[in-house]
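To start, the structure itself, in structure tokens.
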Amino acid sequence: MNWELEFLPEALDDLKKLDGSVRPQVLKGINKVRQNPLPVSEGEYGKPLGNKNSNDLTGLIKIKFVNIGIRVVYKFIRTDSIMKTVVISARSDDQVYNEASDRRKKNDL
């Protein structure tokens, strides 16, 4: 079953900013995860996030694209079968987590 895929407007901007050679890989990975975006603890792909450098990211999940240095942070909404992409960003430092925290607050996730 494919879950409905939604992007925050900021996450769509993130996607558009990716290099043209990287974007298809990220989209392919997101579509793979979208088949079942549940956390690893439930036998699937995503790694649940908690507190990262005083950012409370509880309820958000990440997937890593190790070879291209990208992380995708998303939230799945079990009741509506929605996978909502929050941020797509380089894995540098904790920028992706800071951005996820800001967007979570802004979008009431």
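Keep in mind the model is a prediction, meaning the values are calculated, not measured.
Using a 4.5 Å cut-off on side-chain heavy atoms (C-beta onward), Val96 and Glu99 make no contact. Within the 4.5 Å cutoff, no side-chain heavy atoms of Met83 are placed close to those of Asn2. The closest side-chain heavy-atom distance from Glu42 to Pro39 is below 4.5 Å. The shortest distance between side-chain heavy atoms of Leu27 and Leu15 falls below 4.5 Å. Lys84 is listed as a side-chain neighbour of Leu8, based on a closest heavy-atom distance under 4.5 Å.
Here the NZ atom belonging to Lys47 is positioned 8.0 Å from the CG atom belonging to Leu49, to the nearest 0.5 angstrom. Atom CD1 of Ile70 sits about 13.5 Å away from atom NZ of Lys62, to the nearest 0.5 Å. Expressed to the nearest 0.5 Å, how far CZ of Arg23 lies from NZ of Lys17 amounts to 12.0 Å. Note that CG of Leu12 is 7.5 Å distant from CD1 of Ile88, once rounded to the nearest 0.5 Å. Here the CG atom belonging to Asn107 is positioned 11.5 Å from the NZ atom belonging to Lys75, to the nearest 0.5 angstrom. In this structure, CD1 in Ile30 is found 5.0 Å from OG1 in Thr85, a value given to the nearest 0.5 Å.
Closest of all the heavy-atom pairs between Phe65 and Val26 is CZ-O, 3.8 Å. Contact detail for Ile61 and Pro37: the closest heavy-atom pair is CD1-O, 4.0 Å. Arg103 and Ala11 make their closest contact through NH1-N, 3.7 Å (heavy atoms, listed as atom of the first residue, atom of the second, distance).
The closest donor-acceptor contact from the side chain of Asn55 to the backbone of Leu57 lies at 3.5 Å or more, if one exists at all. Side chain of Arg71 to main chain of Tyr97: no donor-acceptor pair is present (N/O by atom type, distance under 3.5 Å, no hydrogens or angles). Panel note: side chain Arg104, backbone Leu109; a donor-acceptor pair is recorded below 3.5 Å. A donor-acceptor contact shorter than 3.5 Å links the side chain of Asp56 to the backbone of Thr58.
Residues forming a side chain to side chain donor-acceptor pair (under 3.5 Å) with Gln35 (at least two apart in sequence, or on another chain): none. Every ring pair (Phe, Tyr, Trp, His ring centres under 6.0 Å) that Phe76 has, sequence neighbours left out, goes to Trp3.
In terms of hydrophobic clustering, with Ile, Leu, Val, Met, Phe, Trp and Tyr side chains grouped at heavy-atom distances under 4.5 Å, Leu60 and Ile82 are assigned to different clusters. A continuous path of Ile, Leu, Val, Met, Phe, Trp and Tyr side chains, each step under 4.5 Å between heavy atoms, connects Phe7 with Val22, placing both in one hydrophobic cluster.
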>> Pair Ile63, Tyr74 - check side-chain contact (heavy atoms from CB on, under 4.5 Å), show working.
In response: CA-CA 8 Å; Ile63 51 176; Tyr74 66 93; 4.0 Å; yes
